[in-house]
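Values below: all heavy atoms of this structure, side chains included; hydrogens, waters and symmetry mates excluded. We number each residue from 1, following the sequence as shown.
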Amino acid sequence: MASNRERLERLGSAILSASRNELYFSMRFLDIALSGLDYRMNLNTVTVGTDGISILFNPTYLQRVYRDDLVELNRVYLHMILHCMFRHELNREGRDEDLWTVACDIAVESILDGIENRSIQLSISTFREETYDWLSEECPVLTAEAIYRALERRQVQYLDILRLKQEFLRDDHQFWQDDDPGQDESQQQEDSDSPDSRAQQERRREVEAKWKRIDEKTQTNLETFFAGHGDEMGGLLKSIQIENRERYDYRAFLRRFVTLREEVKTDPDSFDYAFYSYGLELYGNIPLIEPLEYRESRKIRDFVIVIDTSDSCSDGIIERFLSETRAILNQESAFFREMNLHIIQSDAGVQMDTVLHSPEEFDQFSRNFTVKGYGGTDFRPAFDYVANLQAQGQLAELKGLLYFTDGFGTYPQKKPPYDTAFVFFREEYTDAQVPPWAMKVVLGPDELQEI
């Protein structure tokens, strides 16, 4: 005979299954996502929550909401699914806990409010509309990361956070906690080597990989078989595209532009120390073999960075890109001491070309950078200008050009005789169609802050 706990667990699971089935029949493109969580009763919560693997529920809450408000039940179910699809429970490291959870709730609720489907549709309060309005002015797409940065910039106070929680909170976030925020760094390091911690890290990887596969399948569904649902789904597709876009190691990317060239530097790896020491012992101060004067180093001699200074690029973003690029190249010792770096500012035409010959000059330039331009966007003038410099012999060893932009423009038809990369900075993911001969990198704010 089943115990009372078993009966309650079966009842709660049946209620969640009924909600999942109703959502499936009205939003079949979410079929895999809706089946991505199993169900477990957990009396540590008075409502319902998820850890990325299961929906953990209090049966009393489910019975009440199932009886009183089926739309609310469907809404909270899909709310949790979206948290998992965007890996909100896994991406909170280094962020303020209260601010991050509020940002996540606003992000998923904004998507749900944009879905025209009666199984989840609720009336929108004036406060909610006002919140969406001011956030939309700062965030092209209301992702959790973009909302978090907007809340930081606004310097929201504790009472404001409580008001936002009251409006947007639907599920219990306590199950997102997979570590102890009260531990100091030494304790965290000690725990990271424990079997429990290794198992936790493995679980995290599995959860992340599972929901990444689900995201990719859902994106494919929305872009192909269910393309007609685009308007109905509001910001879901855009948010999934942002989540699924390829992330880049900008430091590794820059290494692709170095060129192999001899540098005057002692090469200690080119001779045998045994013969060297034996000669000193036998003849006093005459070694039998000496190190070569030259060694090959992978470093940059000629390099071009083109900055899009059209209206679409802000001063702050350009300055941060330059500063971080300089820091990486200096840290990697990527330049020869006598370098030839052209930093070209261009909008619809070349506005300025600054030539730098040393890392120190690059440092000085980055600190005193002033934008010249603010016109339209056309990529061709910068390439024509570089071609003229090559014809004059000023860029004889040019191997790479880096074009930083956040907008569209007209591309050259022919491939130049050097590697080219367009680095797009975008809050909102847009798949810019660069020519096949060019590399494309899309950096979001997080990548630009981390490089």
Side-chain angles (χ1 to χ4, degrees), residues 136-141 143 146 149 238 241-242 245-246 248 250 253-254 256-257 303-326 341-356 362 365-366 368-391 395 398 400-449 451:
S136 297
E137 292 176 359
E138 301 193 28
C139 313
V141 179
T143 63
R149 287 189 295 271
K238 286 184 178 179
Q241 288 173 329
I242 290 174
R245 68 182 169 80
E246 187 174 358
Y248 295 91
Y250 191 56
F253 177 77
L254 283 182
R256 298 194 62 174
F257 289 95
F303 193 60
V304 174
I305 298 175
V306 183
I307 306 295
D308 176 4
T309 56
S310 61
D311 283 334
S312 56
C313 282
S314 69
D315 296 7
I317 291 173
I318 295 174
E319 290 168 9
R320 188 169 57 183
F321 166 77
L322 269 180
S323 176
E324 297 295 349
T325 301
R326 172 191 56 78
L341 171 63
H342 287 251
I343 298 183
I344 299 171
Q345 299 187 54
S346 180
D347 45 22
V350 173
Q351 299 295 330
M352 177 174 287
D353 178 16
T354 303
V355 185
L356 307 174
F362 197 176
F365 174 82
S366 298
N368 301 316
F369 176 75
T370 303
V371 175
K372 304 289 184 182
Y374 296 114
T377 303
D378 189 340
F379 302 129
R380 294 171 298 178
F383 286 92
D384 292 341
Y385 179 79
V386 170
N388 288 333
L389 292 178
Q390 288 183 299
L395 290 169
L398 178 62
L401 179 148
L402 199 66
Y403 208 125
F404 180 73
T405 176
D406 74 342
F408 295 98
T410 305
Y411 295 91
Q413 293 185 346
K414 294 179 61 178
K415 179 186 182 303
Y418 47 80
D419 290 337
T420 303
F422 287 89
V423 180
F424 293 91
F425 172 80
R426 287 220 170 89
E427 287 263 7
E428 177 181 359
Y429 177 84
T430 311
D431 190 16
Q433 299 298 321
V434 304
W437 46 261
M439 287 173 275
K440 176 181 68 175
V441 176
V442 181
L443 295 179
D446 291 335
E447 287 94 335
L448 197 54
Q449 288 170 0
I451 59 178

- Taking Tyr411 as the fixed residue, which of Phe383, Trp437, Tyr403, Phe379 is the one that meets the ring pair (Phe, Tyr, Trp, His ring centres under 6.0 Å) rule? Phe379

- Task: Quick one: pull up CG in Leu402 and CD1 in Ile343 and give me the separation to the nearest 0.5 Å.
- Result: 10.5 Å

- Query: Going from CG on Asp378 to CG on Asp308, what distance comes out if it is rounded to the nearest 0.5 angstrom?
  - Reply: 10.5 Å

- Task: In sequence, state the C-alpha distance, the side-chain angles, and the governing distance for Tyr418 and Val304, and then conclude on side-chain contact (heavy atoms from CB on, under 4.5 Å).
- Result: CA-CA 11 Å; Tyr418 47 80; Val304 174; over 6 Å; no

- Note on the structure: All heavy atoms of Cys139 vs all of Ala146, minimum pair found to be SG-O, 3.5 Å

- Item | Separation of Phe369 CZ from Thr354 OG1 (nearest 0.5 Å) | 8.0 Å

- Query: How long is the gap from CG on Asp347 to OG1 on Thr377, to the nearest 0.5 Å?
  - Reply: 7.5 Å

- Item | Val434/Phe424 under side-chain contact (heavy atoms from CB on, under 4.5 Å): CA gap, chis, key distance, verdict | CA-CA 11 Å; Val434 304; Phe424 293 91; 3.5 Å; yes

- To the nearest 0.5 Å, what is the distance between CE (Met439) and CZ (Phe422)? 10.5 Å

- Message: With heavy-atom distances below 4.5 Å as the criterion, would you say the side chains of Gln390 and Pro416 are in contact?
- Response: no

- Is any side-chain heavy atom of Phe362 less than 4.5 Å from a side-chain heavy atom of Ser366? yes

- Contact summary for Ala382 and Val306, nearest pair of heavy atoms: CB-CG1, 3.8 Å

- Task: Find the distance between CZ (Phe303) and CG (Leu395) and round it off to the nearest 0.5 Å.
- Result: 11.5 Å

- Message: For Thr370, is there any backbone N or O sitting under 3.5 Å from a side-chain donor or acceptor partner on Gln345?
- Response: yes

- Message: Working note: Asp353 + Leu389, criterion side-chain contact (heavy atoms from CB on, under 4.5 Å); need CA distance, chi angles, decisive distance, verdict.
- Response: CA-CA 11 Å; Asp353 178 16; Leu389 292 178; 3.9 Å; yes

- Closest non-hydrogen atoms of Pro381 and Ala348, given as atom of the first, atom of the second and distance, are CG-O, 3.3 Å

